[in-house]
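As the structure lists them, so they are numbered: ligands from 1, and atoms in each ligand from 1.
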Amino acid sequence: MSLNPSPETGTRQDFIREIIAADLASSRCGGRVATRFPPEPNGYLHIGHAKSICLNFGIARDFGGTCNLRFDDTNPITEDVEYVEAIQDDIRWLGFSWDDRLYYASDYFEQLYQCAESLIERGLAYVDSLSGDEIREYRGTLTEPGRNSPYRDRSVEENLDLFRRMRAGEFPDGAHVLRAKIDMASPNLNMRDPVLYRIRRAHHHRTGDAWCIYPMYDFAHPLSDAIEGITHSICTLEFEDHRPLYDWLVANSGLPGRPQQIEFARLNLSYTVTSKRRLLQLVEEGHVAGWDDPRMPTIAGMRRRGFTPEAIRRFADEIGVAKRENLVDVGLLEHCVREDLNRRAPRAMAVLRPLKVVIENYPEDLVEEMTLANHPDDPSMGTRQVPFSRVVYIEQDDFMEEPPKKFFRLAPGREVRLRGAYLITCRDVVKDADGRIVELRCTYDPATRGGDAPDGRKVKGTLHWVSAAHAVKAEVRLYDRLFNAEEPGAGDVDFLTQLNPQSLERLDDSLVEPSLAGAPAGSRYQFERLGYFIVDPDSTPERPVFNRTVTLKDSWAKLERRIG
Ligand code: ATP
Ligand code: MG
C-alpha cells in the first residue's frame with residue numbers, strides 16, 4: 001500500500017498511516033494526501049521538529065502525496081527572517097523537499113480577514129470590548145460555565161463597522177478583539193467564544209506595517225490548512241482540545257477544503273530540552289555559543305556536531321508515532337548516529353592527549369610509509385599511507401606505570417602493537433622534576449612490520465599513534481550532554497541549574513595524522529578507539545578543529561542486547 005517506503009527502514013505502520021490508508025480506501029479525502037509542516041519562525045528547528053518533518057514529509061512520500069512548508073507567521077513580535085532562512089536550510093539538509101509549495105500564513109491575511117467578516121455577517125463572530133483580564137474572568141473554569149460578554153449581542157452592522165475600524169487602525173492595542181460566537185457554557189474552554197483577532201501594532205517581517213490586527217493561531221491555522229487543500233493536519237497532543245474549534249472554523253469558513261486534524265505525542269528526549277523558549281534562553285544568556293552550538297538539540301547544532309540526516313531520519317522512523325506522551329532515551333539517537341557513521345566514516349588516527357615515545361633502536365632518519373585500511377569492513381574505501389618514524393606519540397592514558405590487572409595497554413617491560421606499524425616494548429619511563437611522565441623509551445621488533453609477529457606471539461594491546469615529525473596539531477572539542485538531569489526542568493527545578501559543567505572540553509594540543517591536513521569542514525572520521533569526529537567550520541588549514549560527534553561506546557546497543 002505504501003508507494004515509496006522510507007529509504008531507512010522500509011514500510012512502517014502507525015496509527016496515522018492507518019487512518020490515512022482507510023481514508024484513501026473510502027475516498028474520504030478525495031483520493032489524495034496533502035500534509036504540511038507549519039513551523040512558527042520564532043526559533044531554530046530542533047529534534048522534535050525533525051520528528052514532525054519526517055512524519056509529514058514521510059507520509060507524503062509513502063502515499064504519493066504532497067507536503068507543504070508553511071510558515072505560521074501570525075505573531076510578528078517573536079518572528080524573524082533569520083529563522084525563516086535557517087528553517088528552510090534545515091529541512092533541505094534533512095533531505096526533504098517542498099518543491100514549489102512554500103507558503104506563509106501571512107500571505108492569507110486578506111483571505112483570513114474576509115473569512116472573519118463573513119463570520120460576522122452570519123452572526124458567528126462579534127467584536128468584544130472587554131479587557132483581556134475581563135475576558136479571562138468571564139471565561140469561567142473547568143467546573144464553572146462562562147458568562148456572556150455584555151458586547152456579545154452587538155448587531156451585525158455594529159460588529160462589521162467596529163471590525164473594519166479595528167483594521168483601519170482607529171483603536172489602540174487591546175481596545176477590542178474579534179471573537180467567535182459559539183457557546184460560553186461549553187465544557188470545552190476552547191469553544192467559549194475564542195478570540196480570533198487582536199489589535200497589535202507590530203511590524204511584520206513580511207507584511208510590514210500593512211496590518212495592525214493579527215489573527216490568532218487557532219483561527220489562522222485551520223483556515224490556512226483549508227486554503228491549501230490539506231487533507232491531514234498532523235499536530236501534537238496539546239491541540240487535541242482545540243480540535244472541535246478547528247472543525248467548527250473549517251466548517252464555517254466557507255472554504256471548500258475539509259482538512260482533518262490528527263494528534264500525536266510530541267517527542268520528549270532524555271537529557272534534552274526541546275522547548276523553543278528554553279533553547280532561546282540558552283542562546284540569549286550565553287550558556288551555549290549559539291543556535292548551532294554542537295551541544296544544542298537543534299538541527300543546526302546536530303549538523304555541526306556531525307550527526308547525519310540519515311541517522312536522524314532513521315531515529316524518527318525507529319521511535320514511530322505514539323498517542324501518549326513518553327520519554328525517548330537520547331541513547332537511541334546516539335545509537336542511530338553511530339550505526340550510520342560506522343558505515344560511512346573512514347578511519348584515521350588522532351592522539352588527543354599526546355605522550356612522547358622514542359623508539360631507541362629505530363634508525364634516526366628513517367621514515368616508513370605504513371599502509372592502513374580506511375575501513376575494516378569495506379575494502380572499497382581503500383587504503384592510505386601513514387608515515388612512521390623514530391619518535392611517535394601515543395595517548396597518555398594508554399600507558400600506566402603500575403597497571404591494574406585488566407589494563408592491557410602499555411606498561412614498563414610490556415609489548416604492545418602500534419596499529420598497522422610494529423610491536424614495541426617499553427624499556428624506560430622519563431619524568432620531569434615534578435614526577436610527571438613526559439616520555440617513554442621503547443624498542444621495536446623490526447620483524448613485526450605491519451603489526452604481526454612472524455613467530456605468532458600475541459600481544460593484548462593495540463594502540464593508535466602518530467609520527468611526531470609528521471603529525472598535524474589540531475584543536476579537538478569533546479562534547480557531552482548539555483544537561484545532567486534526565487528531564488531537565490521537571491518538578492519545578494530551574495533547568496539552568498542542571499546544565500552539565502563538563503559538556504564541552506577543548507583540547508589544544510591534540511595531534512592528527514597528516515592525511516587529515518586540509519580536510520574540509522564537514523568531513524567525518526572515526527578516530528580509531530576514540531569516537532566519531534567532524535571537521536568544524538572554525539577550522540583553518542593551519543589549525544584544523546575537530547568536534548567529537550559521539551564516542552564509540554554504545555549504551556543503547558548494550559541495553560538492547562540485555563533485553564533481547
Ligand atoms: P511554539 O508553538 O511554542 O513556539 P512549537 O515547538 O510548537 O513551539 P512550532 O514551530 O509551532 O513550534 O512547531 C512546528 C511543528 O512542529 C508543529 O506542527 C509542532 O506540532 C511540531 N513539533 C514541535 N515540537 C515537537 C516535538 N517535540 N515533537 C514532535 N513535533 C513537534
Ligand atoms: Mg506551535
Side-chain angles (χ1 to χ4, degrees), residues 14-16 34-60 67-80 82-88 90-91 94 96 98 102-106 205 215-218 220-222 224-225 228 230 232-243 246 259-283 291 296-300 302 312-313 315-328 330 332-333 487-489:
D14 54 57
F15 78 94
I16 297 181
T35 58
R36 84 289 171 266
F37 175 66
E40 187 180 348
N42 62 354
Y44 278 59
L45 298 181
H46 54 62
I47 183 71
H49 296 115
K51 170 177 173 164
S52 177
I53 292 166
C54 291
L55 183 61
N56 280 294
F57 283 93
I59 282 173
C67 179
N68 298 352
L69 170 58
R70 180 201 318 141
F71 286 102
D72 241 317
D73 54 350
T74 50
N75 183 8
I77 309 273
T78 55
E79 294 162 5
D80 197 287
E82 177 198 348
Y83 300 134
V84 169
E85 273 149 30
I87 287 170
Q88 295 182 57
D90 289 346
I91 300 172
L94 262 186
F96 295 103
W98 53 90
L102 170 60
Y103 302 113
Y104 294 84
S106 56
H205 63 101
M216 302 299 287
Y217 176 87
D218 271 348
H221 192 79
S224 301
D225 283 345
E228 290 176 16
I230 299 303
H232 297 87
S233 179
I234 300 165
C235 66
T236 41
L237 276 183
E238 66 269 26
F239 291 101
E240 198 169 8
D241 290 346
H242 299 235
R243 193 182 339 130
Y246 183 101
Q260 177 190 178
Q261 175 177 305
I262 306 173
E263 308 88 15
F264 72 100
R266 68 193 300 113
L267 168 64
N268 300 309
L269 200 57
S270 63
Y271 299 98
T272 307
V273 302
T274 47
S275 141
K276 275 198 273 189
R277 188 176 47 77
R278 285 179 174 169
L279 294 175
L280 180 66
Q281 196 180 346
L282 289 173
V283 172
W291 285 101
M296 290 282 273
T298 51
I299 295 178
M302 293 189 287
I312 296 173
R313 296 200 304 257
F315 170 72
D317 282 356
E318 291 291 343
I319 56 176
V321 279
K323 279 190 220 186
R324 205 101 50 72
E325 291 272 342
N326 58 354
L327 184 68
V328 174
V330 70
L332 175 59
L333 174 58
E487 291 181 73

Can you list the steps and then say if R243 with E263 is a salt bridge (charged side-chain N to carboxylate O under 4.0 Å, His left out)? CA-CA 9 Å; R243 193 182 339 130; E263 308 88 15; 2.7 Å; yes
Hits for side chain to side chain contact (heavy atoms under 4.5 Å, CB included) against Q88, two or more places apart or cross-chain, chain-then-number order -> L69, F71, V84, R92, W98, L102, Y104
For [X], the ligand 1 atoms whose distance to one of its heavy atoms is below 4.0 Å:
| X | result |
| --- | --- |
| F264 | 29 (C), 30 (N) |
| S52 | 16 (O), 21 (C), 30 (N) |
| T236 | 20 (O), 29 (C), 30 (N), 31 (C) |

Taking both backbone and side-chain atoms of [X], is any N or O found less than 3.5 Å from an N or O belonging to ligand 1?
| X | answer |
| --- | --- |
| N42 | yes |
| A265 | no |
| E238 | no |
| K276 | yes |
| R266 | yes |

How far does CD1 of I47 sit from CG of N268, to the nearest 0.5 angstrom? 12.5 Å
From K323 atom NZ to D14 atom CG, the distance as rounded to the nearest 0.5 Å: 10.5 Å
Does F37 come within less than 4.0 angstrom of ligand 1, counting non-hydrogen atoms of the residue? yes
Should H46 be listed as contacting ligand 1, given a heavy-atom distance under 4.0 Å as the test? yes
Where the side chain of K51 meets the backbone of I319, is there a donor-acceptor pair that is under 3.5 Å apart? no
Check for a donor-acceptor pair, side chain of S275 on one end and backbone N or O of R277 on the other, with a separation under 3.5 Å. yes
Residue portion contacting ligand 1 (non-hydrogen atoms closer than 4.0 Å) for S275: neither
P41, P38, P39, A316: member with heavy atom nearest to atom 18 (O) of ligand 1: P38
Less than 6.0 Å separating the ring centroids of H221 and Y217? yes
Which heavy atom of M296 sits nearest a heavy atom of L279, and at what distance? CE-O, 3.9 Å
